[in-house]
Amino acid sequence: MGAVFDPKTYESTLRIANLHRLEVLTHKLQAPKWPADVFGPIDQAKAAAGEKIFNDTCRGCHQNGLYPMIVAGTDPLRANSFGRPVGGVPFPAMVKPVLDGLKARAFSDDGISAADQAAMDAKQVVWRATGQYLARPLTGVWATAPYLHNGSVPTLWHLLHPAQRPAKFIVGNREYDPAKLGYATDGNGWTFDTSQPGNSNIGHAGDTYGAKLTEDQKDALLEYLKTI
Ligand code: HEC
């Protein structure tokens, strides 16, 4: 058995090994560290004060839980669109056979055996419309502007100052704003227009989201968000 070298089996074994390796590697990814040499040092006392505010106000939600739009208050279009019926059939039910077919085709193209398929599909995939938004852990958040599921809020400062969020701003700028924590919103680029369907920058506002924090407290919170 082992004496015959089968290039096809060998190749598919390699592919599976690589897929597994990639999956394992993603768990080792580290959040980018705030580059103090370029953007200036972090004020550790201020960040420590911010950590307490974060624990009291934000951490409870930001643990990978799903929240109804009504709670997040953000633009509902994305959460709703996946649940919209197509030809009288709920979209997740409509899309399932298409996606199952695509997967079967990919397995077959790659010559992956039934046993390997079962191993790779150990966790069953369920297509469903949650109508909700994810409150992700905020690791590395200083580096992931613009914010919210639709990228409608340019900086973390603007997220904490809902009344001052811009109705239109430029995206595609590489100039980072180390004071507001996000990319600069002027210059050349593409204009994000929050008046377009699905682009609204509403929500994540009000007392639950830190509206009552003083400017000093918001400042400390931003300092802490540089460190996670
Ligand atoms: C009631 C639950 C809840 C609380 C409290 C909360 N958040 Fe959120 N947050 C969410 C949800 C849900 C989303 C996703 C909304 C979306 O994508 O439109 C979100 C999105 C965000 C985002 C955008 C993440 C991204 O990837 O773009 C940031 C940043 C954020 N929250 C920071 C905070 C901070 C800072 C606080 C505390 C002042 C806080 N949140 C309090 C539920 C919460």
Side-chain angles (χ1 to χ4, degrees), residues 19 22-34 50-51 53-86 90-96 98-100 102-103 120-162 165-166 169 171 180-183 192 194 196-211 213 218 221-222 224-228:
L19 280 177
L22 280 178
E23 216 170 303
V24 170
L25 280 177
T26 58
H27 292 281
K28 291 188 183 165
L29 283 175
Q30 299 282 323
K33 287 232 165 6
W34 175 260
E51 180 171 14
I53 298 164
F54 184 82
N55 287 342
D56 292 345
T57 323
C58 325
R59 195 182 293 279
C61 278
H62 280 278
Q63 313 257 13
N64 255 345
L66 283 169
Y67 288 83
M69 288 136 2
I70 216 102
V71 175
T74 54
D75 190 287
L77 203 68
R78 190 183 79 178
N80 281 341
S81 65
F82 199 72
R84 248 183 226 159
V86 182
F91 186 70
M94 181 66 125
V95 81
K96 185 180 184 309
V98 179
L99 295 171
D100 284 351
L102 275 177
K103 194 165 68 172
M120 290 164 92
D121 270 349
K123 241 181 158 178
Q124 210 203 340
V125 176
V126 180
W127 298 99
R128 64 193 170 116
T130 61
Q132 297 183 324
Y133 287 120
L134 182 77
R136 70 173 179 91
L138 294 176
T139 324
V141 71
W142 68 266
T144 62
Y147 297 102
L148 297 184
H149 68 277
N150 56 3
S152 60
V153 178
T155 72
L156 287 175
W157 186 90
H158 286 104
L159 192 73
L160 295 181
H161 295 84
R165 293 176 191 166
F169 61 96
V171 286
K180 289 198 162 64
L181 308 187
Y183 291 98
F192 187 100
T194 59
Q196 293 301 307
N199 280 5
S200 168
N201 63 5
I202 49 165
H204 214 280
D207 292 354
T208 318
Y209 300 92
L213 297 174
K218 287 183 184 179
L221 183 54
L222 289 175
Y224 171 66
L225 291 175
K226 296 176 184 174
T227 69
I228 60 177

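These numbers were taken from a predicted model, which means no experiment stands behind them. Hydrogens, waters and symmetry mates play no part in the numbers below; they use all other heavy atoms, side chains included. Note that the numbering runs from 1 along the sequence shown for the chain.
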note = Nearest heavy-atom contact between Leu77 and Tyr133 is N-OH, 4.1 Å
message = Between Glu51 and Arg59, does the side chain to side chain contact (heavy atoms under 4.5 Å, CB included) criterion hold? Intermediate values first, please.
response = CA-CA 10 Å; Glu51 180 171 14; Arg59 195 182 293 279; 4.2 Å; yes
note = Tightest non-hydrogen contact, residues Ala31 and Thr139, listed as CB-CG2, 3.6 Å
message = For Trp157, give me all partners under ring pair (Phe, Tyr, Trp, His ring centres under 6.0 Å), at least two apart in sequence or on another chain.
response = His161
request  = Rounded to the nearest 0.5 Å, what's the gap from CZ on Phe54 to CG on Leu225? Could you check?
outcome  = 6.5 Å
remark   = Correct closest heavy-atom pair for Gly151 and Pro146 would be O-CB, 3.4 Å
Heavy-atom closest contact (Asp75 atom, Asn199 atom, distance) = OD2-N, 3.8 Å
ask   = For the atom pair NZ (Lys33) and CD1 (Ile228), what is the distance rounded to the nearest 0.5 Å?
value = 12.5 Å
query = If we only count heavy atoms from C-beta on, is the Leu213 to Leu160 side-chain gap below 4.5 Å?
reply = no
query = Is a side-chain donor or acceptor of His62 paired with a backbone partner of Arg136 at a separation under 3.5 angstrom?
reply = yes
request  = Return yes when atom CZ of Arg128 has more than 12 non-hydrogen atoms of other residues, nucleotides or ligands closer than 6.0 Å, and no otherwise.
outcome  = no
query = How many angstroms lie between atom CG of Leu138 and atom OG1 of Thr144, to the nearest 0.5 angstrom?
reply = 8.0 Å
key: Gln30 atom CD, neighbour heavy-atom count above 12 within 6.0 Å   = no
inquiry  = Tell me every residue that passes ring pair (Phe, Tyr, Trp, His ring centres under 6.0 Å) with Tyr147, counting only those two or more places apart in sequence or in another chain.
reply    = none
task = Verify side chain to side chain contact (heavy atoms under 4.5 Å, CB included) between Tyr209 and His204, making sure each step is shown before the conclusion.
result = CA-CA 6 Å; Tyr209 300 92; His204 214 280; 3.3 Å; yes
ask   = Parallel, tilted or perpendicular: which describes the rings of Trp34 and Trp142, with under 30° parallel and over 60° perpendicular?
value = perpendicular
inquiry  = Please find the pair of heavy atoms, one from Gln132 and one from Leu66, that lie closest to each other, and give the distance.
reply    = OE1-CB, 3.1 Å
key: By salt bridge (charged side-chain N to carboxylate O under 4.0 Å, His left out) - contacts of Lys96 (at least two apart)   = Asp100
key: Where Ile202 and Arg165 come nearest, the two heavy atoms and their spacing   = C-NH1, 4.0 Å
Straight-line distance of Asn150 CG to Thr74 OG1, nearest 0.5 Å = 7.0 Å
inquiry  = Are Trp127 and Leu99 packed together at the side-chain level, in the sense that at least one heavy-atom pair is separated by less than 4.5 angstrom?
reply    = yes
note = Output for pair (Leu159 CG, Asn201 CG), nearest 0.5 Å, gives 10.0 Å
message = If I take atom NZ from residue Lys180 and atom CG from residue Leu156, how far apart are they, to the nearest 0.5 angstrom?
response = 12.0 Å
